[in-house]
Amino acid sequence: MKIKGPLFDLNQSLCCGQTFRWQSSEDHWWYSVVNDRIVKVRQIEEELEFEIQPGLSAPKEFISNYFRFDDDLESIYQKIGKDDFLIKAISQARGLRVIRQDPWECMISFIVSQQNQIPKITRSIETMAQKFGTCTIFEGKNYYLFPTPEQLCTAKIKTLQSGFNLHGCALGYRARYVLGTAYLIYNNALEFRLDDLKKLPYNTAYRLLIDSFFGIGPKVADCVLLFALDKLEAFPLDTWTRRIIRKLYFNDERIKDEKIKEFCADYFGEFAGYAQEYLFCNRINICQSNPGKNMTKAL
DNA sequence: ACCCAGGCGATTG
DNA sequence: CAATCGCATGGG
């Protein structure tokens, strides 16, 4: 099936670190598990070709919902393209879209992402899926759904934590955060469902996430809000974007996160999350080195 | 042998 | 309140 879509760059959108379960194959096809379905996608020129199994009643809507085709990118570019830095960053990743993910999977993924590196995050999540998720077969290959809260609750903390020679989940100290979160969700111990947070204002949802879960702080909360709960004003502040904002707008001064986020909300406005994605995507160009490198003593 | 990673919670001053 | 520490594991 095909969609002649709006402005869109599949590779930029899949490779920018917002999602961790896509794998590229021969012929430029990408494969992933989206919720409980295997999805296969490739982009040729302006056309997005895809296949979804098992069969769906509204596959095109599924795809355009997942890739947020309703976001008017040109209009968003107008709003976040406030200066030459952003205009450059946008031009380098034109067509990158925020992807609308499942809140549960997104939350666990970004808990795993803390104080971690993208290749290792990817490997950890894949291993968790293989160990605890449901297996389905597509084109003769095994694919594993992201584990449900119930499935994750069966995990032993040591199994999640340990790496044993690259065969374990290797979550390290984050294992207890993941397990604790799974327990809370599975036992329905919260006053709200994750999806309910979509209906709340950004600030309320932000506080609820941080206050309800063990291991979710400002950064992870903002990732979940941006990538899964439709809060495009969320601006996840990680080591990279912190350094980028300080460098571009504060002359490398060591100002506090609270001030940075205040500035970003003000400066970029309702689509600050998109600004964050384009800046993060261009982090190497902007910083030209690791953020923390040799900075510990210098400050 | 270091030092760091898409941070967070606990502990100090 | 603000600033600093420890954390598990893997990679450079």
Side-chain angles (χ1 to χ4, degrees), chain A residues 13-21 89 93 96 98-99 101 105-128 155-181 184 206-207 209-228 234-247 253-261 264 272-287 289-299:
Chain A
S13 304
L14 296 184
C15 299
C16 67
Q18 59 177 323
T19 176
F20 301 101
R21 296 212 64 200
L96 186 162
V98 169
I99 289 175
Q101 306 181 39
E105 175 173 345
C106 182
M107 191 159 65
I108 296 299
S109 300
F110 281 95
I111 287 174
V112 172
S113 82
Q114 68 183 79
Q115 192 69 11
N116 210 339
Q117 295 177 130
I118 292 178
K120 196 189 155 200
I121 300 164
T122 305
R123 194 174 67 71
S124 287
I125 292 173
E126 199 53 42
T127 307
M128 287 168 66
K156 289 192 171 63
I157 189 104
K158 198 68 189 168
T159 310
L160 293 175
Q161 177 178 323
S162 155
F164 49 81
N165 311 330
L166 306 177
H167 291 296
C169 300
L171 301 191
Y173 71 95
R174 311 163 196 87
R176 61 196 177 110
Y177 299 159
V178 167
L179 207 48
T181 301
L184 280 178
Y206 178 81
R207 287 277 22 124
L209 282 175
I210 293 178
D211 295 343
S212 309
F213 295 96
F214 190 68
I216 294 186
K219 156 65 169 60
V220 175
D222 273 330
C223 285
V224 177
L225 289 162
L226 175 60
F227 299 131
F235 191 98
L237 197 56
D238 55 57
T239 47
W240 288 100
T241 41
R242 180 180 300 116
R243 183 161 154 86
I244 289 169
I245 298 295
R246 282 177 180 171
K247 181 186 171 79
E253 283 174 61
R254 212 172 104 142
I255 64 166
K256 286 190 289 191
D257 287 0
E258 201 178 308
K259 292 289 177 193
I260 296 179
K261 288 185 64 169
C264 291
Y274 262 100
Q276 193 272 3
E277 279 304 283
Y278 282 86
L279 289 172
F280 182 80
C281 194
N282 281 275
R283 61 195 179 281
I284 306 300
N285 299 339
I286 299 171
C287 290
S289 75
N290 278 337
K293 192 157 195 172
N294 295 332
M295 292 297 285
T296 349
K297 300 261 163 63
L299 299 169

Rounded P spacing from B:dC8 to C:dG11 in Å: 23 Å
With rounding to the closest Å, how many angstrom separate the P atoms on B:dT11 and C:dA8? 14 Å
Contact class for A:G163 (heavy atom, under 4.0 Å): base, sugar-phosphate, or nothing? sugar-phosphate
P atoms of C:dA3 and B:dG6, separation to the nearest Å: 25 Å
Measure from the side chain of A:Q117, starting at C-beta and using heavy atoms only, and say which of C:dA8, B:dC8, C:dG11 lies closest. C:dG11
Presence of A:Q115 side-chain N/O under 4.0 Å of C:dA8 phosphate oxygens OP1/OP2: no
Kindly say if A:T239 contacts the phosphate of B:dG7, meaning a side-chain N or O under 4.0 Å from OP1 or OP2. yes
Nearest whole Å is fine: how far is B:dA5 C1' from A:K219 NZ? 11 Å
Between A:R242 and A:D257 (side chain of the first, backbone of the second, donor and acceptor by atom type, cut-off under 3.5 Å), is there such a pair? no
Check the side chains of A:T241 and A:D238 for a donor-acceptor pair under 3.5 angstrom, ignoring hydrogens and angles. yes
Nucleotide of B:dC8, C:dG11, C:dT9 approaching A:L166 most closely (side-chain heavy atoms): C:dG11
Closest nucleotide among C:dC7, B:dG6, C:dG10 to the A:R123 side chain: C:dG10
Selected nucleotide, minimal atom distance to A:V220 side chain, candidates B:dA10, B:dG6, B:dC8: B:dC8
Applying a 4.0 Å non-hydrogen cut-off, can you work out what A:Q18 is touching in the nucleic acid: base, sugar-phosphate, or nothing? base
Over all strands shown, is A:I216 touching base, sugar-phosphate only, or nothing at heavy-atom distances under 4.0 angstrom? sugar-phosphate
Between A:F214 (CZ) and C:dC7 (P), how many Å, whole number? 14 Å
Would you kindly give the CH2-to-P distance between A:W240 and B:dA5, to the nearest whole Å? 8 Å
To the nearest Å, how far apart are A:L179 CG and B:dC8 P? 19 Å
Donor-acceptor check, side chain of A:E277 to backbone of A:Q18, threshold 3.5 angstrom: yes or no? no
Say whether, by atom type as modelled, one donor and one acceptor occur between the side chain of A:R243 and the main chain of A:R283 under 3.5 angstrom. no
Reckon A:S162 touches a base, only the sugar-phosphate, or nothing at all at heavy-atom distances under 4.0 Å? sugar-phosphate
For A:F213, answer base if it contacts any base atom (sugar-phosphate contacts may also be present), sugar-phosphate if it contacts only those atoms, and nothing otherwise; contact means non-hydrogen atoms under 4.0 Å. sugar-phosphate
Find the distance A:F164:CZ to C:dG10:P and express it as a whole number of Å. 10 Å
I would like to know whether A:E253 and A:R246 meet salt bridge (Lys or Arg N to Asp or Glu O under 4.0 Å); could you show each step before the answer? CA-CA 6 Å; A:E253 283 174 61; A:R246 282 177 180 171; over 6 Å; no
Rounded to the nearest angstrom, tell me the gap between atom CD1 in A:I121 and atom C1' in B:dC4. 14 Å
First encountered from the 5' end of DNA chain C, between A:Y173 and A:E258: A:E258
It should be established whether A:K256 places a side-chain nitrogen or oxygen under 4.0 Å from OP1 or OP2 of nucleotide C:dA2. yes
Please report the distance, rounded to the nearest Å, between CG in A:L160 and C1' in C:dC7. 16 Å
Short question: side chain of A:T159, backbone of A:A155 - any donor-acceptor pair under 3.5 Å? no
Base, sugar-phosphate alone, or nothing: which one does A:P119 contact when heavy atoms must sit under 4.0 Å apart? nothing
What is the distance, to the nearest angstrom, from the CG atom on A:N116 to the P atom on C:dT9? 12 Å
So is the aromatic ring of A:F280 stacked onto the base of B:dG6, judging by whether the centres are under 5.5 Å apart and the planes are under 30° apart? yes
Need one value for A:C281: base, sugar-phosphate or nothing, where a base atom within 4.0 Å counts as base even if backbone is also close, heavy atoms only. nothing
Nearest heavy atom decides the nucleotide; on that basis, is A:R176 or A:F110 closer to the 5' end of DNA chain B? A:F110
Could you tell me whether A:R174 sits above the aromatic face of A:Y177, with NZ or CZ closer than 6.0 angstrom to the six-membered ring centre and within 45 degrees of the axis? no
